Amino acid sequence: MKRLQRALSRHFQEEGEFSPFTYTVGMESSFQEAFASGQDYPLKQPVDDETFAQFARSLTLIHESVHAAQFFTTAFGLRTLRYTLILLKRLREGNAWQLPLLQTLFDETGNIAPSSPQERVLNGSVVFLDVMDQMRLHEQHDPHDGDQGGIRLYFLPWSPHFFLDAGTAELDHRLQLAKQLEAGGFLVRRLPVLAFLQPPTDYRIVLNAAALMETYATLTELNHIQNAFGVTAEEALELLPQAMRYHAVLRYALESGLCDVRGLIPTMLVCIDAALMYDPFVLFDVPWAIADPQGRSDRYVGETFLAVCDAVRKIGQAQTADYDGVANFYRAVCVEAGLPSPDWMAQKTYDVAATLAARATGKDVLLGRVITAHRDALKFRLDRGPVFPFILPTTAPLFDVIETVLPVISFYNLHTRQADPFDPHKIDAVSVHTILTQAIMSPQIECPLKMGEPFFCSSATLEQQRLCVWTVDQKPVSECLVDILERLFGFKPGAHEAAE
């Protein structure tokens, strides 16, 4: 066990990374090497060093692949794509936009004319940033303040409007601004925070989409460790690294009595999946800032997760790990939590993606391949029913999803920041989101692939401002995307940049 613990400790220190908005996966080895490292379980005993190394490589690919698969097969993943498409559409409504958008969309009085293109672009920019925030891990370590220890769950007010006010980092100011927003008829949501209060250091993590997806990937690894080495669930849990991001939510589930170790994997896989699937924006087209006429309002993933956990406490954890048992458990949880059935949510999410794909006709449509990839992955999910979140962590279904979305995913080496290899047909998938982020936040736009975001392209050593033409077999397939978007939306540098 100690040898296994040391080997897995090195693995967790050398994890890869999945960048959801650029549809990229970074690893220490190539995709081909990692995929070829997959082995039949259980591993033959005794396990030699090379077998350990192969297992670690394959486990990294499995971890990052399950992140990607969740992103493509959930309503929340589709939400992120829709927000990007909405911002692109709204930017076309004006003739020109001064950069950065967040600082230049106001007039001299600090106001924006109601229903103007400026207002629509501002709102599009804000919700675009908000969904990005949900996909970032928010962790905090503080010295223990001497209060009673244990696990504490509390909520902070949160609204995308806070991106427009630097003072919202201070809690008192955030509370004041939240009251003003609510008085104006805007929806202020609750952002759940999980705190582990124990000396010498307290740890806090926001229960957002990123935290729950990290937990789902950790559960996937626990499942593979158990199957590969024949260890018990308790033993597999002991092999997790010290970093709290991997087991904070699991500790909350176990120590709050939500489930025991025996039911941990099936119960938590369903709870997390339900939280990522119940997205009122996708399912009901609910506005992001106000409730719809039926009284339904948008809701953050963490809020739904806690509601689902409350439902599990009432009906009990998953009792079996067979397919029918998990599917029935998922349906029962949704009924108790007041959510639509998992079958309906999967169908509606697929329908929305299919509608988007039907509108994106032609290969040259911006993000057209990305839309198609979401649709196809959601169809894969739909065909497998409510058991999908339980079977996704297993090898064959997981890589079936990855094969489905390979036309838009790019892999790269974490050390060299080089693509593995890069396909110019994917230029919009890896660049559009980063370019839009710069337009919102920066006074000018640089080529993200020359900046190494998420990886360096072959022209990274050339002049930053030099335009590129992407070719396949010496035939041009796309010109510089920065130049395309600057022309399409009339992006102009900020005033002080232009003066220089």
Side-chain angles (χ1 to χ4, degrees), residues 21-22 80 82-136 138 157-181 184-189 191 287-289 366 431-448 450-453 464-465 480-500:
F21 304 108
T22 58
T80 66
R82 283 191 69 195
Y83 276 155
T84 303
L85 297 174
I86 286 170
L87 181 56
L88 288 171
K89 180 180 179 181
R90 291 182 177 179
L91 284 168
R92 292 191 181 100
E93 296 173 354
N95 296 322
W97 303 100
Q98 196 79 21
L99 305 181
L101 295 176
L102 279 188
Q103 294 181 22
T104 58
L105 288 176
F106 299 95
D107 61 22
E108 293 79 4
T109 64
N111 297 316
I112 293 179
S115 302
S116 67
Q118 287 78 6
E119 181 191 38
R120 290 170 61 80
V121 169
L122 177 64
N123 287 339
S125 299
V126 167
V127 296
F128 176 89
L129 294 176
D130 186 55
V131 79
M132 287 175 60
D133 193 63
Q134 279 287 306
M135 287 299 294
R136 294 192 183 103
H138 293 277
W158 180 251
S159 168
H161 294 88
F162 289 178
F163 288 113
L164 306 178
D165 193 319
T168 53
E170 298 295 331
L171 181 57
D172 288 344
H173 183 68
R174 177 186 293 192
L175 293 170
Q176 178 185 1
L177 184 56
K179 290 180 180 179
Q180 293 173 356
L181 288 170
F186 289 98
L187 177 68
V188 176
R189 302 179 185 89
L191 201 62
W288 64 274
L366 210 55
S431 299
V432 164
H433 202 275
T434 306
I435 292 172
L436 289 177
T437 303
Q438 291 184 72
I440 293 170
M441 306 294 292
S442 303
Q444 63 181 14
I445 300 173
E446 303 286 359
C447 172
K450 289 184 180 181
M451 298 162 60
E453 296 179 4
Q464 197 79 330
Q465 297 298 325
C480 171
L481 198 63
V482 175
D483 190 46
I484 291 174
L485 294 186
E486 285 183 337
R487 292 199 315 266
L488 183 62
F489 304 130
F491 288 146
K492 296 180 179 179
H496 67 281
E497 289 290 335
E500 295 176 358

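Just so it is clear, the values below take in all heavy atoms, side chains as well, and ignore hydrogens, waters and symmetry mates. Since the model is a prediction, treat every value here as computed from it, not as a measurement.
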query: Does Val127 reach the side chain of Leu87, with side-chain heavy atoms less than 4.5 Å apart?
result: no
query: Roughly how far apart are Leu485 CG and Gln438 CD, rounded to 0.5 Å?
result: 11.0 Å
message: Which heavy atom of Arg136 sits nearest to which heavy atom of Met132, and what is that distance?
response: NH2-CE, 3.1 Å
message: I need the minimum non-hydrogen distance between Lys492 and Ala96, along with the two atoms involved.
response: CE-CB, 3.9 Å
field: Glu446 CD to Glu453 CD distance, which is reported to the nearest 0.5 Å
entry: 10.5 Å
query: Do the side chains of Leu91 and Phe491 get nearer than 4.5 Å, heavy atoms only?
result: yes
- prompt: Under the 3.5 angstrom rule, does the side chain of Gln98 hit a backbone N or O of Pro493 as a donor-acceptor pair?
  reply: yes
query: Would you say Leu122 and Arg90 make side-chain contact, with heavy atoms under 4.5 Å?
result: no
field: Worked check of side-chain contact (heavy atoms from CB on, under 4.5 Å) between Phe162 and Leu181
entry: CA-CA 10 Å; Phe162 289 178; Leu181 288 170; 3.8 Å; yes
message: Using 0.5 Å steps for rounding, measure from the CD atom of Glu486 to the SG atom of Cys480.
response: 7.5 Å
message: Can you tell me how far apart OG (Ser431) and CG (Leu436) are? Round to the nearest 0.5 Å.
response: 10.5 Å
statement: Output for pair (Ile440 CD1, Ile435 CD1), nearest 0.5 Å, gives 12.5 Å
task: Measure across Pro160 and Arg189 and return the closest heavy-atom pair with its distance rounded to 0.1 Å.
output: CD-NH1, 3.5 Å
query: When you look at Arg174 and Trp158, which way does the side-chain contact (heavy atoms from CB on, under 4.5 Å) test go after all the steps?
result: CA-CA 8 Å; Arg174 177 186 293 192; Trp158 180 251; 4.0 Å; yes
query: In Å, rounded to the nearest 0.5 Å, how long is the span from CD1 of Ile86 to CZ of Arg120?
result: 9.0 Å
field: More than 12 heavy atoms of other groups within 6.0 Å of Met441 CE
entry: no
task: Specify whether His433 and Phe21 have parallel, tilted or perpendicular ring planes, treating 30° as the upper limit for parallel and 60° as the lower limit for perpendicular.
output: parallel
- request: Taking all non-hydrogen atoms of both residues into account, name the closest pair between Phe128 and Thr84 and its distance.
  value: CE1-OG1, 3.7 Å
- prompt: Is the closest side-chain heavy-atom distance between Gln118 and Trp97 below 4.5 Å?
  reply: yes
query: If you look at every heavy atom in Leu191 and Gln134, which pair is closest and at what distance?
result: CD1-NE2, 3.7 Å
message: I'd like to check Pro448 versus Val482 (side-chain heavy atoms, cut-off strictly below 4.5 Å). Are they in contact?
response: yes
Qualifying residue, where the test is side-chain contact (heavy atoms from CB on, under 4.5 Å) with Val432 and the options are Thr437, Leu88, Thr22: Leu88
query: Which heavy atom of Val188 sits nearest a heavy atom of Ala178, and at what distance?
result: CG2-O, 3.6 Å
- prompt: Side chain of Ser116, backbone of Glu119: donor and acceptor closer than 3.5 Å?
  reply: yes
query: Do Leu488 and Arg92 have side chains that get closer than 4.5 Å, going by heavy atoms?
result: yes
task: Would you mind reporting whether Ile484 and Leu366 have side-chain heavy atoms less than 4.5 Å apart?
output: no
- prompt: Does a side-chain heavy-atom distance below 4.5 Å link Leu99 with Ser442?
  reply: no
